[in-house]
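Here is the structure we will look at, set down as structure tokens.
This chain uses plain numbering: 1 for the first residue, then up along the sequence.
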Amino acid sequence: MQAANMLLKKIVRCSAFSFSIQHGLKQGMFPLRRTLVLSPCLKDDNARGSSEKVDLDAWKEVMKSGLQEVSETVSEPKELSALAAARETLELWRLVGRPVPENITDEQMKAFMECPSKSAQKKYLKYLHLKEQHKKNNKRKMEEKRERRLEAQERASESEKPKKSSFVCLWGSSMDRAYNWRVAQSMIFGQPLVFDMSYEKYMSAREVANAVKQMVLSEGCNRRSADPFHIHFCNFKDDSLYHKEFIKHYRGAWDKLLITVTDQCYTDIFPKDKLIYLTADSPKVMKTFDHDKIYIVGSMVDKSIKTGVSLAQAKRLGLETAALPLEKYLLWNCGAKNLTLDQMMHILLTLKDTGDWKKALEFVPRRKYCGFVNKPLHELKKTLNLVNMLKHGKRAEELQKRFANNYSKRLIQK
């Protein structure tokens, strides 16, 4: 009975304590800063006399800070930028084994994000990967070449001490001065050659970079020639892709180049009756090189072969057009008749110096033609058709009939 009475007392005491706590908090009966005394029923039997106090205000602050941390951690994934997401996709593609460059800049990441489709993104990443591998291979080859040169120098020094000669340095510096002097003279007395820089909107960033590389080669070839052109970059805008690529190549030497760079159109600088636009789409064929004319070359590299763009530009401005006589002097095999900018520069310089078309057209790639025209053109066309038939595996009877129709009986008897 005593044990039952003790148990009832404990139950009543616990229920009364919890009831008073709840109603006291609602009605404001307790002070603002208060403590709770844990009931004896929640403690061990050995520690019934001791009381454990809990600070409610501190507990509230801890709970509020915990809620803020949870909200911050929840909002963090929502605030991930598109750039970080793109980098994560690149890391995933690299782990899968796709060709992805190791180092990629922010500009390249923006260009990657602006690609219209997933296949375009893959092609762009493959291009960057190949470019990076090409740079690594070039660096490795240069290091190997340097090591071989150092080894050769060490062997030569061990065998005999070479005589010191400054002839090579003097020759290089003197030739550099001579080239600069020729180009400086061409800016006053030389024949102008215009590069039209208004085709940036028709090209991708990769094609613009290729066009700038070809123009750099063209400028170096013109600088080393005996009678260089006065190069004009017309319709050139600052902060364009052309400008950025030129600064990458020339760096500090860009402002020291002996060329004319202007944002004006060539029709505002030169008279229209002296301008000739060189384009492969022109119906008029160029017969001779005119030293009194000013030739214009479109600074465009298009892998998709955008036909008619430069011809439309010339017609819009009311200019005379001309195309190189490739079919007249070359037995054309395959491919488009568009040449690179450095090849055009070599051809024009050779024509300016010699006037020989065969010598000038030697700079056309050998893969595009079978040989030079030495016979009448109609006979060569028949021969080329016969070769094409042989390649496609026609029957022997058809070949004999074709051969008999094309050539005389004397050739058949022989």
Side-chain angles (χ1 to χ4, degrees), residues 170-199 211-238 242-243 245-247 249-279 286-300 310 314 319-322 324 339-357 359-363:
L170 290 173
W171 175 259
S173 61
S174 61
M175 290 303 296
D176 194 22
R177 290 176 185 174
Y179 294 152
N180 290 336
W181 177 250
R182 287 177 186 173
V183 179
Q185 283 183 330
S186 70
M187 294 185 72
I188 304 172
F189 306 106
Q191 183 180 1
L193 178 66
V194 178
F195 283 93
D196 188 2
M197 313 291 286
S198 61
Y199 294 99
V212 169
K213 287 180 183 178
Q214 294 177 14
M215 281 185 280
V216 169
L217 294 174
S218 302
E219 189 271 334
C221 171
N222 181 69
R223 185 171 171 269
R224 291 188 299 271
S225 64
D227 186 12
F229 287 103
H230 178 196
I231 296 177
H232 287 73
F233 287 166
C234 294
N235 296 321
F236 189 89
K237 297 179 181 179
D238 294 336
Y242 283 115
H243 192 197
E245 291 294 330
F246 273 120
I247 290 175
H249 280 276
Y250 287 108
R251 297 182 182 178
W254 167 248
D255 297 328
K256 299 177 183 179
L257 288 178
L258 297 174
I259 59 175
T260 300
V261 181
T262 178
D263 58 349
Q264 293 181 343
C265 185
Y266 32 85
T267 55
D268 300 333
I269 303 172
F270 306 105
K272 283 188 177 182
D273 56 348
K274 286 191 174 183
L275 294 174
I276 297 178
Y277 211 110
L278 296 177
T279 172
M286 181 179 174
K287 296 180 180 179
T288 58
F289 183 86
D290 195 347
H291 293 269
D292 296 329
K293 296 291 185 178
I294 300 170
Y295 293 98
I296 306 169
V297 180
S299 302
M300 182 172 61
S310 55
L319 301 177
E320 183 182 355
T321 61
L324 297 180
L339 302 177
T340 60
L341 301 177
D342 54 326
Q343 291 168 3
M344 285 293 297
M345 177 62 80
H346 280 290
I347 291 170
L348 292 175
L349 285 171
T350 308
L351 286 175
K352 185 182 179 184
D353 295 338
T354 62
D356 188 0
W357 277 105
K359 191 173 181 181
L361 294 178
E362 288 179 355
F363 293 99

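Atom OG1 of T288 sits about 10.5 Å away from atom NZ of K293, to the nearest 0.5 Å. Here S186 contributes atom OG and L193 contributes atom CG; the two are 10.5 Å apart, rounded to the nearest 0.5 Å. Rounding to the nearest 0.5 Å places CG of L319 at 5.5 Å from CD1 of I296. A distance of 9.5 Å separates OG of S218 from CG of L348, quoted to the nearest 0.5 Å. The CD atom of Q185 sits 9.5 Å away from atom CG of D227, with the distance rounded to the nearest 0.5 Å. Distance CG/D255 to OH/Y250: 12.5 Å, rounded to 0.5 Å.
In this structure, F236 and Y242 have tilted ring planes: the angle between them lies in the 30° to 60° band. Under the 30°/60° scheme for interplanar angles, the aromatic rings of H230 and H232 are found to be tilted.
Nearest heavy atoms, L258 versus A184: CD1-N, 4.0 Å. Scanning all heavy atoms of the two residues, the minimum distance from A322 to I276 falls at CB-CG2, 3.9 Å. A pairwise comparison of heavy atoms in L278 and M344 identifies CD1-CE, 3.8 Å as the closest pair. Listed here is the closest heavy atom pair of T321 and A314: CG2-CB, 3.5 Å. Closest heavy-atom contact between S299 and L341: CA-CD1, 4.1 Å.
Side-chain contact between M197 and V261: absent, with no pair of heavy atoms (C-beta onward) separated by less than 4.5 Å. I269 places none of its side-chain heavy atoms less than 4.5 Å from the side chain of V194. With a 4.5 Å cut-off on side-chain heavy atoms, M187 and T260 count as touching.
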(message) side-chain contact (heavy atoms from CB on, under 4.5 Å), that's the test. Do H243 and I247 meet it? Break it down for me.
(response) CA-CA 6 Å; H243 192 197; I247 290 175; 3.4 Å; yes

(request) Applying side-chain contact (heavy atoms from CB on, under 4.5 Å), run through I231 and V183 and close with a yes or a no. (result) CA-CA 9 Å; I231 296 177; V183 179; over 6 Å; no

(message) side-chain contact (heavy atoms from CB on, under 4.5 Å) for E219 and H249? Distances and angles first, verdict last.
(response) CA-CA 12 Å; E219 189 271 334; H249 280 276; over 6 Å; no

(message) Would L324 and L339 count as a side-chain contact (heavy atoms from CB on, under 4.5 Å) here? Give the steps.
(response) CA-CA 10 Å; L324 297 180; L339 302 177; 3.9 Å; yes

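Put simply, the residue from F246, Y266, Y277, F233 that forms a ring pair (Phe, Tyr, Trp, His ring centres under 6.0 Å) with F195 is F233.
Judged as a side-chain contact (heavy atoms from CB on, under 4.5 Å), and not counting sequence neighbours, the contacts of F363 are H346, I347, T350. With sequence neighbours left out, Q191 forms a side-chain contact (heavy atoms from CB on, under 4.5 Å) with F229, F289, H291, Y295, K352.
Other residues, nucleotides and ligands contribute more than 12 heavy atoms inside 6.0 Å of the CH2 atom of W254.
Among residues at least two apart or in separate chains, there is no salt bridge (charged side-chain N to carboxylate O under 4.0 Å, His left out) pair with a member in residues 178-199.
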